[in-house]
S.K.: 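I am attaching a structure below and will ask some questions about it afterwards.
The structure displayed is predicted, hence computed values, not measured ones.
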Amino acid sequence: MKTVNSGSGLKVRAHKGDAMTLLAFDLSEGRSPNFTGFSIRITPGTRAPYYLTNLLRYPPSILKKNNIKSSDAGSTLYSPIQKFRWVHVPATFHQIDRVFYGTYTYEVTPRYLVDDILQPLDPTRTVTVTIDVSPFRSGNFQIGFTRGFVASQAYTSHFGNNSKVRPNKKDLIYDIHAKSGSVTYTKKNGVTVVEDYTFEDQHIWMGWQARTRVLEFLDETIADPKLSLDAFAFDLDEPVVCSRLLKLAAQGRLRMILDNSASHTGADASGVAAFEDQFETEFNLQAAIPSTIIRGRFHSLAHSKVFIQKKTSTNVAVKVLTGSTNFSTNGFYINANHVLVYASRKVAKLYADAFTASLGTELMKKFKNSDLAIQDHAIEESGMPDMTIRFAPHTEPVASAFFKLISERIKAAESDVLFAIMQDDSASSILDAVRYVRDNNENIYSYGITDTTSTISLYKPHSKHGVLVAGKGGAKILPPPFNKEAAIPGIAIHHKFVVVDFKGKDPVVYCGSSNLAFGPEQRNGDNLIEIRNLAAVTVFAIEAIRLVDHFSFRYRTEVSEQIYLKTANSDTPWYASYYDPEDLHCVERLLMISAKR
């Protein structure tokens, strides 16, 4: 399967993500006069080919001059992409069509606009690459991301402006097959259709690969009566997850440590109990021995989100799921999050040991002084990525030591730092290092997002300064032809990951449930994972690019005027920045098209 190809001055590289592809393009500068963008034709397996969609299009005068119908203008055949890279996520249609996974063929063709006439597509200039587009798996290791994107045109086309993902705020478990709303859309034949959709339709779309990995894990455990489950949970209110956990509890196959910090206990002003308290009540009503539940919070929070699958008869752990994704409707369907799955007895035993060492309030108090919290746990095993796992809470000296190591690694980046982190203003040398690279090292490609931040750094022409955007604050009412989008009902960016040198010699990603903040690392039950594996690092890099692109666009379009593709009438050609050595676009073009150093 060829993931890089070239011809006629064009080079195309495809990078594999988690059920998505990062396409990178490079066109020799000598081929750029009158260049207006890239048309991208996609063929999924043996299915019919189609052209990638571009919501930006030429001004009406040029569409008219070229006899391009408004109904066709959304295709890159008629509205080429004016960027040198693109993240492609396989499409789903009304309501939720089955996504095709397998070999995708991408045909990329540079297009030219001469005297406002779009020149015919020239197949002799087309470069083709093929790549497997599927959920990420490497050996016995899987990664899954939520889609999130309540504030997006894709969500709006499926579900309108309905951002509620549960029928009310009082019922822990509800019927996900019940109607959530209706959406009106127009078919290709011009017929207007009104379709109802269910909560499950929303959940499948927004939960994406993370939801699938979690439910696979639980269903596999339930299906085998010889398996049992140990679980760490922080937020806990996703109805399908809760139903499956209670089923295991009723069969005597679940032990759980569930957070009992202030947000997860007591009742609200109307007297409705916290969902976690509701779950505990149901657990105690339904559980059979030896199922057990412990409520606790270490020194502040029980912040891990972990499932550990075990052979009941031998008490041997065989598989573990972890990451940043809370087992809640917000965690799955509103937040951008990740899960990691390891089918490894060595990794699973490590998490099982951490669970056993935490199973009780007194044990939680002592955990930071245990070998599990003091030691770094290196994993070198066939079928597993090279990685180090760290369990919190830590003592201050231990936290200081590895925070310093990670901070120095970030500052020593050779090519790039990409990140998606919930908060960037906590006291932390790691977060300081991320800011340092963005603010002080323009030789490094820096591209990142945080949920909220007081420091927005958008792309500026003729500058190599890094980009930082927020998941909040971007426009939800966009200029035509975009539809109004729903507001985000909660945290948008809940990830906690930093990628360093995905195009460098020693690629690494730091991820997991840790907020990367120095104080919480000494108080919260957490796990921080350092993965030194190119395939995994690339997957996280693409996720960062996907999120930054999406939200930065919203900051750039907080205007009332309609925005169009640039034409020859523009003062500066749209592609000029990509050939300017002092511009971030040029750095990006060369970085994305290059092989790993």
S.K.: Taking the six-membered ring for Trp, are H495 and F540 ring centroids under 6.0 Å apart?
M.R.: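 Ring centres of F540 and H495 not closer than 6.0 Å.
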S.K.: In this structure, are over 12 heavy atoms from other groups packed under 6.0 Å from K366 atom NZ?
M.R.: no
S.K.: Looking at residues at least two apart in the chain, or sitting in another chain, which of them share a ring pair (Phe, Tyr, Trp, His ring centres under 6.0 Å) with F518?
M.R.: F403
S.K.: Can you run down the salt bridge (charged side-chain N to carboxylate O under 4.0 Å, His left out) pairs that involve residues 528-540, sequence neighbours left out, and say none if there aren't any?
M.R.: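 Those involving residues 528-540 are D386-R532, R390-E530, E530-R532.
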S.K.: Sequence neighbours left out, what passes salt bridge (Lys or Arg N to Asp or Glu O under 4.0 Å) with E521? Give chain and number order.
M.R.: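 E521: no salt bridge (Lys or Arg N to Asp or Glu O under 4.0 Å) contacts found.
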S.K.: Among residues two or more places apart or on two chains, list those pairs meeting ring pair (Phe, Tyr, Trp, His ring centres under 6.0 Å) that have a residue in residues 437-458.
M.R.: Y445-Y447
S.K.: Determine yes or no for a side-chain-to-main-chain donor-acceptor pair under 3.5 angstrom, with D501 supplying the side chain and S415 the backbone.
M.R.: yes
S.K.: Could you note down all residue pairs passing salt bridge (charged side-chain N to carboxylate O under 4.0 Å, His left out) where residues 246-266 supplies at least one of them, sequence neighbours left out?
M.R.: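 For residues 246-266: D230-R255.
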S.K.: Please name all residues satisfying salt bridge (Lys or Arg N to Asp or Glu O under 4.0 Å) with R166, sequence neighbours left out, ordered by chain then number.
M.R.: D237
S.K.: Name all residues meeting the ring pair (Phe, Tyr, Trp, His ring centres under 6.0 Å) criterion together with Y174; count only those two or more places apart in sequence or in a different chain, and write none if there are none.
M.R.: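 Per chain and number, Y174 pairs via ring pair (Phe, Tyr, Trp, His ring centres under 6.0 Å) with F199.
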S.K.: Who pairs with Y510 by ring pair (Phe, Tyr, Trp, His ring centres under 6.0 Å), at least two apart in sequence or on another chain?
M.R.: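 For Y510, no residue satisfies ring pair (Phe, Tyr, Trp, His ring centres under 6.0 Å) once neighbours in sequence are set aside.
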S.K.: Kindly write out the residues that satisfy salt bridge (Lys or Arg N to Asp or Glu O under 4.0 Å) with E276, not counting sequence neighbours, or none if the list is empty.
M.R.: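 Not a single residue meets the salt bridge (Lys or Arg N to Asp or Glu O under 4.0 Å) criterion with E276.
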S.K.: For F332, which residues count as a ring pair (Phe, Tyr, Trp, His ring centres under 6.0 Å) partner, sequence neighbours excluded?
M.R.: none
S.K.: Taking only residues two or more places apart in sequence, or in another chain, which ones meet R435 in a salt bridge (Lys or Arg N to Asp or Glu O under 4.0 Å)?
M.R.: D432
S.K.: Quick one: which residue pairs count as a ring pair (Phe, Tyr, Trp, His ring centres under 6.0 Å) with a foot in residues 249-295, not counting sequence neighbours?
M.R.: F234-H264
